Amino acid sequence: MRAETLKRHIDLHAWVGILTGLALFVAFFAGALNMFHHELHHWQEPAATETAAPDANMQALLDTVVANNPNAGNWMFLIPGDDPSAIWQETVDGESVWHTEHASDFNDAGEKVAPAGGSGLSEFVNELHFELAIPKVGLYFMGVVSVLYGAALIGGLVIHWSRLKKEFFALKHQGNLRRYWKNLHNLVGVISYPFHVIFAWTGAAMGCLAIVTLVMGGLVFGPQFQPAFTEASEAWPTPEASGNPAAMAGVDDYLAGARQAMPELDVGWIELQQYGDENAVVDVGGSVHGKVAHYSHVVMRGDNAELLTVSGPGQRSFNHFLMAPVYSLHFGDYGGLFVRLMYFALALLGCLLFFSGNIMWCERRTDRQGPSRSAAFMLRLTLGVTFGVMAGLAMAFIVSKPMLYSPWQAWTAPAEKIAFLVTLLIALAAAFRAAPLTTAGLWPKVCAGLYLLAPLVQGALEGFHTWLEPDFLLVNGSLLAVAASLILVDRLRRRRLRRAAPHPLWVGAAHPVTAANPVDPDPA
Amino acid sequence: MRGLLGAVLGLPLAMMLCGLLAAALPVNWRDWLVLLMLLSLLVWAVLIVLAGMARTPWRAGIGLVAANGVAWLLLQTTSLYGGA
């Protein structure tokens, strides 16, 4: 490849990386913790599960929720488990609002007994992952970020293809510091490349769905696009209410119908649409284990549980066959605990990739153009956001438990978000106040300490015996793994500092390149 | 700037190119719509890279506007929009 073309590829890779790196860091870090989303649900409010009525069942929950909220049956998901939950949609002033209620929220008479509020940690981590916790526009923003991330990956492949083998063995504690960051970035990028392609493509597919639908419908296919897309993506078309009430078959019949139609289905949810109307449709969804595209559906009529369609491995259209792995490949829930742990590790490595990429951009810009305000600003912003997000999430975990057992229990979810935001702002302010080298020396230790503290606070308040419960083991284990990763990164940083002087940018001022810090002749 | 142009002008171009592909292939586009949409995202990312390879931003901009125009004109010769 011509040197000029390669240089343009490197420039594009760097620019796209710097535009999207921080958003991707937040998404990947929250995504790593989100790998244990269901376990975190249990971790955040174990008392709710323990106090669930012994005879709690989904039918009782469904009847109670629909009796209290007549429109809840228009679109509702029932989630089975120790403490079944109902997630339903309500339209308020034209806006869709989702509500979640658990079986343990009600007594035998159907009266609400659970106090309002509680922890919202798992929802917050999830929101941070897919929309940076920015309502409405966050998802579209992350969709575009995913496409740009895909462009950076294409550029990365072009840049590194010819020297993949060499870069596997390139990480050495020799030469200048920038070379080390570059080798680390390349090594992590090369090792995890296939997974990044998966994350970028599936993330773009989910985030850009509305944008692609709008543009493709408006420019290419016209009004025929939407019905075709609905047919291609949904197991059964969304029913319209007829206005004629009808008696419903009931949850037990739906589950029995699903077992008969697909015996291997592990039910994960029951989706109800227009429940109580003669056009009601019920979709019993879940997983067929052992398949990558494991999501499956058994759709039936709501009134008599008559089978309408089945969509699962070996019995679905080409469109559904392609749609199912988009979700499972992104969520990493197709291969059991091992794959989830691997995704967790890959997500943390992804954070390192984006962090090192931003640092390389800042140092390279300074080396090429001399003292640069934008490079100094970007370095401080990178340090502030990355450490702020990590510390903020740890603080949300730490604040959660004391709040849950205090008289202000109803304020737990807002307190978690406030703790996150305040910590993020403190980290940003500190990053812009102190020299980057000081920030890089102090904050990994602070973050590691906070991630060690979070499981201790949980254990102190709920008993250390809970650590042995599988869900707690996974969540607390993931927090401790983050702490261990930060300690390792800090150790590597100190080791590097002992062997080579830092780039001038790190000490607070960007100086021209000196003999002690030569420009790397190979910018890739 | 070139990457930004690629991101903005590459989106409609990617969708129209995929539409032209759907028109060219003798298979009903409804049967492989999900693949078409996934492909359109890949084409969009490739167009961002190609725009980034242009020597100057205005070259990238003019090239993308022209390509969008040509793709739109070609799409009018197909029966895709609003067709059965």
Side-chain angles (χ1 to χ4, degrees), chain A residues 4-5 8-9 11-16 19-20 143-158 197 200-205 207-209 211-225 227-233 317-326, chain B residues 1-23 27-57 59-60 68-69 71-72 74-76 78-84:
Chain A
E4 178 67 15
T5 311
R8 278 197 212 134
H9 270 296
D11 283 344
L12 181 74
H13 182 76
W15 270 106
V16 173
L19 276 176
T20 60
V144 176
V145 162
S146 297
V147 174
L148 290 169
Y149 169 35
L153 287 172
I154 293 170
L157 185 66
V158 173
V197 171
W201 208 345
T202 55
C208 289
L209 190 61
I211 299 170
V212 170
T213 304
L214 192 73
V215 178
M216 214 172 235
L219 273 179
V220 183
F221 296 110
Q224 58 183 337
F225 180 79
F229 175 69
T230 304
E231 190 186 333
S233 59
S317 68
F318 183 61
N319 282 321
H320 288 180
F321 169 75
L322 282 175
M323 190 67 120
V326 167
Chain B
M1 184 63 187
R2 284 166 294 190
L4 190 68
L5 280 169
V8 175
L9 295 173
L11 170 65
L13 180 57
M15 302 302 134
M16 287 192 285
L17 288 175
C18 287
L20 288 171
L21 179 68
V27 185
N28 189 339
W29 58 270
R30 290 175 183 82
D31 295 338
W32 59 292
L33 182 55
V34 172
L35 179 61
L36 195 65
M37 291 173 80
L38 290 172
L39 189 65
S40 71
L41 292 169
L42 180 66
V43 175
W44 186 9
V46 169
L47 287 172
I48 294 171
V49 174
L50 289 177
M53 291 298 103
R55 281 200 187 137
T56 57
R59 277 193 188 199
N68 268 293
W72 187 80
L74 284 173
L75 264 180
Q76 307 316 303
T78 72
S79 60
L80 278 180
Y81 192 93

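A quick note: this is a predicted structure, and the numbers were derived from the prediction, not measured. Convention: sequence-line order gives letters A, B, ...; per-chain numbering from 1.
Scored by the ring pair (Phe, Tyr, Trp, His ring centres under 6.0 Å) test, A/W15 finds A/W361 as partners (sequence neighbours excluded).
B/M15 has its side chain out of reach of A/F221: every pair of non-hydrogen atoms, C-beta onward, lies at least 4.5 Å apart. A 4.5 Å side-chain heavy-atom check between A/M216 and B/L36 finds at least one atom pair inside the cut-off. Residues A/L322 and B/W32 fail the side-chain proximity criterion, which asks for heavy atoms closer than 4.5 Å.
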Could you check B/R30 against A/F225 for side chain to side chain contact (heavy atoms under 4.5 Å, CB included), going step by step and ending with a plain yes or no?
CA-CA 9 Å; B/R30 290 175 183 82; A/F225 180 79; over 6 Å; no

Would you give me the side-chain donor-acceptor pairs under 3.5 Å for residues 40-48 of chain B, sequence neighbours excluded?
residue	atom	partner	partner atom	Å
B/S40	OG	B/M37	O	2.6
B/W44	NE1	B/A7	O	2.9

Anything under 3.5 Å between a donor and an acceptor, one on a side chain of residues 145-154 of chain A, the other on a protein residue two or more places apart or in another chain? List them.
residue	atom	partner	partner atom	Å
A/S146	OG	A/M142	O	2.8
A/Y149	OH	A/H196	ND1	2.4

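Inspection of non-hydrogen atoms places B/V49, B/G52, B/M53, B/A54, B/R55 of residues 49-56 of chain B under 4.5 Å from chain A.
Under the 3.5 Å distance criterion, the side-chain polar atoms of B/D31 are left unmatched by any main-chain donor or acceptor of A/F318.
Here the CG-OG distance, from B/L33 to A/S233, works out to 8.0 Å after rounding to the nearest 0.5 Å.
There is no contact between A/F321 and chain B, counting heavy-atom distances below 4.5 Å. Proximity to chain A (any heavy atom under 4.5 Å) is shown, for B/L38, by both the backbone and the side chain.
Looking only at heavy-atom pairs under 4.5 Å with chain B, the residue among A/H13, A/R8, A/E231 that has the most is A/R8. Each of A/V215, A/V144, A/L219, A/L19 has some count of heavy-atom pairs under 4.5 Å with chain B, and the biggest count is that of A/L219.
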